[in-house]
Amino acid sequence: MKIGYPCINQRIGCSSGRTFRLRSYSEKRHIETVAGNLDCLLSVLQFNVEHGLLFFRITSDLVPFASHPICSYPWHDVFADRFREIGAFIGEHRIRISMHPDQFVVLNAGDPGVVVNSIRELRYHADLLDLMHLDRSAKIQIHTGGVYGDKEQSMHRFAGRYDDLELPIRRRLVVENDDMRYTVQDCLQLHEDTGIPVLFDAFHHELNGSGEPAGETAALCSGTWRPDDGIPMIDYSSRQPLDRRGRHAETLDRGHFRKFLAETMPLDFDLMLEIKDKEKSALLAAEIAAGDRRLYQA
DNA sequence: CCCTGTCAAGTCACG
DNA sequence: CGTGACTTGACAGGG
């Protein structure tokens, strides 16, 4: 099990997702921003290796506006060497990588323009991982999308669009249950229809499931990953006490986390901690998991 | 320096 | 119909 956190390291004082307003766009500004983001990404990955955190989600803002028409210079070529160096570091230290495009990627949208933009955005994510020469275990996780008043038809539309995707995208894409609309059961159905691996989000499942036990549900999702997809990924969080429904915890809830570990114990997976204080909780979780798993193996 | 309106993009719930 | 939430606030202009 590798443990990780998404996008931002709060300790080392740089951001790999710096951006700027579209109206401030210039090629010079863009190149400077991306160069800074890549430097920071490597620093964060170095920190992670030094601290035993070998799973990381790369921010979608690494290359701002990458799928926007305004970004028309060949950034792939400009930064090819840098991407390769970072990818080599990732490979050398066996770091697991994920990316999570934001809510604007809606593969099953009714509006063809939204679908075109979504595929452009997915192509950017796939290009980035390809430029780093990562194998297909580096994943891009998305949600199913909208329901539009007819879930069955909307799932069917997702399946058709997935089947039609170009291979560099399709080989990396995994689908994750969300907290409002598409449950794990829905995602498992999509796997049946298309073969897409299912990324289990334990927190979303608590909010948007029928009480199926986490361990069994995680095992079902694990069965959807092929060997060259890498070992399954799972997203974990708990609810921020007293806060609104879907709010992620500010810091790791030890009791909740140990219960989750116990429930899923026989399974191997890479665990993404979607907790607000980032590497702080990831470090704590790694410590707890190491202890509990040692206990389990004894 | 601090404050805050606004930011490329979609969907849906809520009031 | 307008606003806020989402996985993640933070840029940029004005005071």
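In what follows, chains are A, B, ... by sequence order, proteins preceding strands, each numbered from 1.
Atom name C1', nucleotides C:dG2 and B:dT6: the rounded distance is 16 Å, in whole Å. Comparing the same atom, P, in B:dG5 and in C:dT8 gives a spacing of 24 Å after rounding to whole Å.
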For A:E121 and A:S67: C-alpha separation, side-chain torsions, deciding distance, then whether side chain to side chain donor-acceptor pair (under 3.5 Å) applies. CA-CA 5 Å; A:E121 183 70 0; A:S67 72; 2.6 Å; yes
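The neighbour count for A:R84 CZ, taken as heavy atoms of other residues, nucleotides or ligands under 6.0 Å away, does not exceed 12.
Residues A:D130 and A:R172 are paired through a salt bridge, judged by an N-O separation under 4.0 Å between the basic side chain and the carboxylate. Taking a cutoff of 4.0 Å between a charged side-chain nitrogen and a carboxylate oxygen, A:E263 and A:K259 qualify as a salt bridge.
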Please list, pair by pair, any protein nitrogen or oxygen found under 3.5 Å from a nitrogen or oxygen in nucleotides 12-15 of chain C.
from, atom 1, to, atom 2, distance (Å)
C:dA12, OP1, A:R21, N, 2.8
C:dA12, OP1, A:S24, OG, 2.9
C:dA12, OP2, A:R29, NH2, 2.6

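Reading DNA chain B from its 5' end, the first and the last nucleotide to sit under 4.0 Å from a heavy atom of chain A are B:dG5 to B:dA13.
Near DNA chain C, meaning a heavy atom under 4.0 Å away, the residues from residues 95-105 of chain A are A:D102, A:Q103. In the region residues 34-62 of chain A, proximity to DNA chain B at under 4.0 angstrom, judged on heavy atoms, holds for none of the residues. Within residues 147-155 of chain A, the residues having any heavy atom closer than 4.0 Å to DNA chain B are, in order of number, A:V147, A:Y148.
Rounded to whole angstrom, the span from the CZ atom of A:R239 across to the C1' atom of C:dA5 amounts to 14 Å. One atom, CG of A:D179, and another, C1' of C:dG4, lie 14 Å apart when rounded to the nearest Å.
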Under a 3.5 Å cutoff on both atom distances, Watson-Crick or G-U, what's the dot-bracket for DNA chain B ([ ] crossing, | other strand)? |||||||..||||||
